[in-house]
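By convention here, the first residue in the shown sequence is residue 1.
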Amino acid sequence: MVKKLQKEGGLEPQVEDLINRINELQQAKMKSSEELGEAHALWEALRRDLDSLNGEKVHLEEVLSKKQEALRTLQLHCQRKEGEAQRLHVEECLEDLTGQHKDPWEFHMLKQRLAWEIRALQSSKEQLLTEGSFSRQPQLPLPTWAEGQELVEQGHRPRRGSQACGVKPDGRRR
């Protein structure tokens, strides 16, 4: 209708200006509607991105939790292994110390056994002398207590010949 009036020239210049202004406003409204649609589409895309990022965040938090649990497990395993290694080291040190003290203990036991065997031999000698059978056999010189001690301190072991005199290797009489 406005165009019809414009053709006829019946519109006054003010009305014509108003019509132009209305046309401009309608174009601006259409442009604003297009921009609003684009903004709405952008907002929807951003919302989808945010949802996706939130989902990824949840997934990453789950992965982090699993990895932290695995780390704790590995740390406990390492602590156990370190404790076991320390225990083995202590056991090795204890074995070394035991080994160092074992030789003196064996020497002490041999010393006691030799002393006992010397006493047993002296007792056997006295018994044989009293029975008179010793005079018929060649006499073997028996060590005295002091001589036996000296042999032990020099590191000599008792001879196995003591078995012939009625003493077993473990120190018991036959």
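Between the side chain of Thr73 and the backbone N or O of Glu69, at least one donor-acceptor pair lies under 3.5 Å. The backbone N or O of Ala28 lies less than 3.5 Å from a partner atom in the side chain of Ser32, making a donor-acceptor pair. Without hydrogens or angle criteria, Ser52 side chain to Arg48 main chain gives no donor-acceptor distance under 3.5 Å.
Taken to the nearest 0.5 Å, the CG atom of Asn20 stands 11.0 Å off from the CG atom of Leu25. Separation of atoms CG (Leu88) and CD (Glu95) is listed at 9.5 Å; rounding is to 0.5 Å. Rounding to the nearest 0.5 Å places CD of Glu126 at 10.5 Å from CG of Leu128. Annotation: the span from Glu117 atom CD to Gln112 atom CD amounts to 12.5 Å, rounded to 0.5 Å. In this structure, the separation between CD1 on Ile22 and NZ on Lys29 is 12.5 Å, given to the nearest 0.5 Å.
For Lys66 and Glu62, the salt-bridge test fails: no basic side-chain N is under 4.0 Å from an acidic carboxylate O. Ion pairing of Glu34 with Lys31 is absent here, as no side-chain N (NZ or NE/NH1/NH2) approaches a carboxylate O to less than 4.0 Å. In this structure, Asp51 pairs ionically with Arg47, as a charged nitrogen and a carboxylate oxygen lie closer than 4.0 Å.
The shortest distance between side-chain heavy atoms of Gln86 and His89 does not fall below 4.5 Å. Looking at heavy atoms from C-beta onward, Leu64 lies in side-chain contact with Gln68 at the 4.5 angstrom threshold. Proximity of Leu53 to Glu56: side-chain heavy atoms (C-beta onward) are separated by under 4.5 Å at one or more points.
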Please test Arg80 against Glu84 for salt bridge (charged side-chain N to carboxylate O under 4.0 Å, His left out), starting from the C-alpha separation and ending with a verdict. CA-CA 6 Å; Arg80 283 188 205 121; Glu84 186 177 321; over 6 Å; no

Apply side-chain contact (heavy atoms from CB on, under 4.5 Å) to Ile118 and Leu114, showing your working. CA-CA 6 Å; Ile118 289 172; Leu114 181 61; 4.0 Å; yes

Walk me through it: do Gln79 and Leu76 pass the test side-chain contact (heavy atoms from CB on, under 4.5 Å)? CA-CA 5 Å; Gln79 288 173 350; Leu76 286 174; 3.6 Å; yes

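The number of heavy atoms from other shown groups lying within 6.0 Å of CZ (Arg72) is above 12.
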